[in-house]
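Here is how names work: the chains are called A, B, and so on, in the same order as the sequence lines, proteins then strands, and each is numbered from 1.
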Amino acid sequence: MSWSNALVKEILKPESLIISSEIAVVIADKFPKARHHYLVLPLADIPSIFHLNRSHLPLLEELHLLARNVVEVKGLHWQDFNVGFHAEPSMQRLHLHVVSRDFVSPSLKNKKHWNSFNTELFVPYTSKAFEAGFMRQLEHHEQTKEIEYSG
DNA sequence: GTTCTAGAAC
DNA sequence: GTTCTAGAAC
């Protein structure tokens with residue numbers, strides 16, 4: 001098992017789960033890029049955003065609900081967070097980032113780290129905009145094998 | 001994804 | 001001299 005499967009392995013440990021439902025879980029990012037950084041992952045074996053289609057919309061809503069729940073459970077403020085996916089994911093298993101906007105952390109070490117959450121490399125989950133725009137782009141991706149994030 | 005580091009850039 | 005960048009990691 002290589003490093004790219006670390007998340008898949010992590011969510012098998014009950015002690016790692018902050019909150020969970022029947023189809024998804026929330027864990028703390030092992031290398032947080034801000035004071036608060038959580039990951040929401042489906043239990044289903046979905047490797048990445050590039051494996052999503054419209055049939056996954058209910059699952060995505062569940063991930064978003066758990067994102068809101070973990071912020072509430074931690075007594076934090078939803079408006080202080082960036083919630084979305086990396087456009088160029090490295091780790092196996094789809095994971096929704098829930099990261100506080102302070103970006104104060106020893107693990108935030110270089111420009112690439114910051115860019116991955118603050119440029120077009122970050123694909124925000126913004127409900128309708130996400131569903132209508134990003135999902136269409138995903139379908140486009142399936143056709144062309146190339147994605148353009150126009151926002 | 002992180003760590004390490006040689007060579008480049010400043 | 002210090003910072004930045006890019007590539008290897010068996």
Side-chain angles (χ1 to χ4, degrees), chain A residues 1-53 56-57 59-74 76 78 80-126 129-131 133-135 137-142 144-151:
Chain A
M1 177 178 291
S2 64
W3 57 263
S4 65
N5 288 317
L7 291 178
V8 175
K9 187 177 180 180
E10 186 72 16
I11 62 175
L12 295 177
K13 305 176 183 176
E15 67 270 23
S16 296
L17 309 184
I18 299 174
I19 55 176
S20 62
S21 73
E22 291 189 359
I23 63 174
V25 299
V26 181
I27 64 175
D29 193 299
K30 190 173 183 179
F31 299 93
K33 302 305 187 296
R35 288 199 169 97
H36 308 282
H37 189 176
Y38 309 105
L39 302 178
V40 188
L41 311 89
L43 295 176
D45 185 18
I46 302 173
S48 76
I49 53 173
F50 303 117
H51 296 75
L52 292 174
N53 56 53
H56 296 106
L57 285 176
L59 171 64
L60 290 169
E61 291 183 9
E62 174 83 357
L63 299 184
H64 193 242
L65 177 63
L66 284 180
R68 297 186 73 96
N69 284 349
V70 72
V71 170
E72 181 179 0
V73 165
K74 293 293 180 179
L76 302 170
W78 180 250
D80 294 336
F81 283 80
N82 279 2
V83 178
F85 298 96
H86 277 155
E88 300 175 358
S90 297
M91 308 288 282
Q92 289 293 312
R93 186 56 59 86
L94 178 73
H95 51 285
L96 181 66
H97 287 273
V98 184
V99 60
S100 58
R101 295 202 177 104
D102 52 85
F103 295 106
V104 174
S105 169
S107 294
L108 184 58
K109 297 180 176 179
N110 56 50
K111 191 181 301 181
K112 185 176 181 179
H113 287 158
W114 190 88
N115 284 343
S116 72
F117 289 102
N118 295 281
T119 70
E120 69 280 355
L121 291 175
F122 191 74
V123 183
Y125 187 114
T126 52
F130 179 86
E131 294 180 19
F134 184 58
M135 296 307 289
Q137 290 174 355
L138 286 176
E139 292 178 349
H140 180 68
H141 169 71
E142 287 306 312
T144 65
K145 299 305 178 187
E146 182 176 352
I147 264 189
E148 290 181 320
Y149 297 96
S150 58

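- Here W78(A) and H36(A) keep their ring centres 6.0 angstrom or further from each other.
- Closest approach to the K109(A) side chain among dT3(B), dG1(B), dT2(B) is made by dT3(B) (side chain taken as heavy atoms from C-beta onward).
- Counting any heavy atom pair closer than 4.0 Å across all strands shown, H113(A) reaches sugar-phosphate atoms only and no base atom.
- Counting heavy atoms from C-beta outward, N69(A) and L65(A) have side chains that approach closer than 4.5 Å.
- For the pairing with I19(A), the side chain to side chain contact (heavy atoms under 4.5 Å, CB included) check across V40(A), V70(A), V25(A), I27(A) returns one residue only, V70(A).
- When rounded to the nearest whole Å, the span between CH2 of W3(A) and C1' of dC4(B) equals 16 Å.
- Separating the CD atom of Q92(A) from the P atom of dG1(B) is a distance of 13 Å, rounded to the nearest angstrom.
- Distance H97(A) NE2 to dG1(B) C1': 10 Å, rounded to the nearest Å.
- In this structure, L108(A) atom CG and dT3(B) atom P are separated by 13 Å, rounded to whole Å.
- Checking dG7(B) for Watson-Crick or G-U wobble geometry (two distances, each under 3.5 Å) identifies dC4(C) as its partner.
- For the atom pair NZ (K109(A)) and NZ (K33(A)), the distance works out to 9.0 Å, reported to the nearest 0.5 Å.
- With rounding to the nearest 0.5 angstrom, the OH atom of Y125(A) is 8.0 Å from the CG atom of L96(A).
- Residue K112(A) places none of its side-chain N or O atoms closer than 4.0 Å to OP1 or OP2 of dC4(C).
- In this structure, N115(A) atom CG and dC4(C) atom P are separated by 13 Å, rounded to whole Å.
- K111(A) places its NZ atom 19 Å from the C1' atom of dT2(B), with the value rounded to the nearest Å.
- Using a 4.0 Å cut-off on heavy atoms, the residues of residues 25-37 of chain A that approach DNA chain B are F31(A), K33(A), listed by number.
- Using a 4.0 Å heavy-atom criterion, one finds that S4(A) contacts no nucleic acid atom at all.
- The distance from atom CG of N5(A) to atom C1' of dG1(B) is 11 Å, rounded to the nearest whole Å.
- Ring orientation note: the planes of F122(A) and F117(A) are tilted relative to one another, at an angle of 30° to 60°.
- Atom CD of E22(A) has 12 or fewer neighbouring heavy atoms from other residues, nucleotides or ligands inside a 6.0 Å radius.
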